[in-house]
Amino acid sequence: MPELPEVETIRRQLAPLVVGRRVLDAGGHPSAKFATAVEATGSVVGSVRRRGKYLLVDLDDDRELVIHLGMTGRIRVREPGAPDDIYVRAWWDMGDQVLELHDVRRFGRVAVVERGCYSSLATLDRLGPEPLGPDFTPAGLWEALGRSHTRVKTHLLSQRPVAGVGNIYADEALWRAKINPGRRSVGKDAAARLHRALVEVLDAAVRNGGTTLRDYRTVEGATGTNQFHLECYGRGGEPCHRCGTVLSRGVVDGRGTTWCPTCQAR
DNA sequence: CGCAGCGCCTGAAGGC
DNA sequence: TGCCTTCAGGCGCTGC
């Protein structure tokens, strides 16, 4: 599941391949989530940016192509004329190469919008600060968490207190910060620990090229290596690396969750 | 406006 | 072996 580190890894690889190139033709799966890919036809690609888990491809006519990878989305750049692949949900032909969104489960989506106008994309429109940028602060996180009584993990997944955190890094950061994922309020000290944990976990994951559990691949088709550094996610039933207690596995607001019942006691 | 609950998707894995 | 069920889960939408 591509979260911030995975999308950032993709962004870095994609940018030099497409910047300055013109979209000669484009198309998408007939569903509304992908059909608007065609609207980028004729535009020239500017910079490739990222906000949270959203890939933002600037176009030269004050518009931008927004791509979300959902659960199983992959970005590929291939030579034209390759055999059909039934899972290509959107494509942009740039002449001697084709940019593709490959997405088995179709949880991803594509949109072409006026630059910075995200009213049609509610989550992006109300996205929290970038966790690896200057706007993400311990005090700001504490304040954001205090505005809600939603369980802290669920709140993180909403993308509002901070951008780009999904199930893997939520579990990792909460474990590192020693916060129970089901808590409905977080004190100032705990918020500061969570802030630090999020920055450390996400920064390390970017340096490791993302976490590949099953579907995630870089633009070049490689796997990340961060899966070898996970302390909590996917380790239910195994001993906590801090205290040795067997990690619990359960469901928090419908999301599979792993935590240490000792380090992260209520 | 906030938020809980539901539906979208399909391959993999497990049960019998 | 093969069929069936369950699971994975980000996010948009609906309705209270």
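Each chain gets a letter, A, B and so on, in the order its sequence line appears, and its residues count up from 1. This structure is a prediction, so every number in the text was calculated from the model and none was measured. We use all heavy atoms of the structure for the numbers below, so side chains are in, but hydrogens, waters and symmetry mates are not.
Residue-level contact check: A:Glu3 touches neither bases nor backbone, having no heavy atom under 4.0 Å from any strand. Contacts of A:Arg249 with the nucleic acid, taken as non-hydrogen atoms under 4.0 Å apart, involve only primed sugar atoms and P, OP1 or OP2. In this structure, A:Tyr216 reaches neither bases nor backbone, as no heavy-atom distance under 4.0 Å exists between it and the strands shown. Nucleic acid contact for A:Gly256: sugar-phosphate only, since backbone atoms but no base atoms lie under 4.0 Å from a heavy atom of the residue. Among the protein residues, A:Ser148 comes within range of the sugar-phosphate backbone only, with heavy atoms under 4.0 Å from sugar or phosphate atoms but none that close to a base. The residue A:Lys33 sits apart from the nucleic acid: no heavy atom pair falls under 4.0 Å.
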Evaluate A:Tyr216 against A:Glu3 for side chain to side chain donor-acceptor pair (under 3.5 Å), listing each step before the verdict. CA-CA 10 Å; A:Tyr216 162 68; A:Glu3 305 178 28; over 6 Å; no

Apply the test side chain to side chain contact (heavy atoms under 4.5 Å, CB included) to residues A:Cys263 and A:Cys240: give CA-CA distance (whole Å), side-chain angles for both, the deciding distance (0.1 Å), then the verdict. CA-CA 9 Å; A:Cys263 296; A:Cys240 174; 3.8 Å; yes

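Using a distance-only test at 3.5 Å, with no hydrogens or angles considered, no donor-acceptor pair links the side chain of A:His155 to the main chain of A:Pro161.
The A:Thr150 side chain lies nearest to B:dC3 when the options are C:dG10, B:dC3, B:dG2.
Put simply, A:Tyr87 has no side-chain N or O that comes within less than 4.0 Å of OP1 or OP2 on B:dT10. Residue A:Tyr233 has a polar side-chain atom (N or O) positioned under 4.0 Å from OP1 or OP2 of C:dG9. In this structure, A:Gln159 does not reach the C:dG10 phosphate: none of its side-chain N or O atoms is under 4.0 Å from OP1 or OP2.
The existence of a salt bridge linking A:Arg49 and A:Asp58 is confirmed by a sub-4.0 Å separation between a basic side-chain nitrogen and an acidic carboxylate oxygen. With salt bridges taken as basic N to acidic carboxylate O contacts below 4.0 Å, none links A:Asp189 and A:Arg193.
Atoms CG (A:Asp253) and P (B:dG5) sit 8 Å apart, rounded to a whole Å.
Evaluation of atom-type donor-acceptor distances gives a pair under 3.5 Å for the side chain of A:Arg255 against the base of C:dG10.
Taking the ring centre of A:Trp175 as origin, the terminal cationic atom of A:Arg242 falls inside the region bounded by 6.0 Å and 45° from the ring axis. With A:Tyr54 as the aromatic partner, A:Arg51 does not meet the cation-pi criteria of under 6.0 angstrom to the ring centre and within 45 degrees of the ring axis.
Residues from residues 98-130 of chain A lying near DNA chain C, meaning a heavy-atom separation below 4.0 Å, are A:Arg105, A:Phe107, A:Arg109, A:Thr123 in numerical order.
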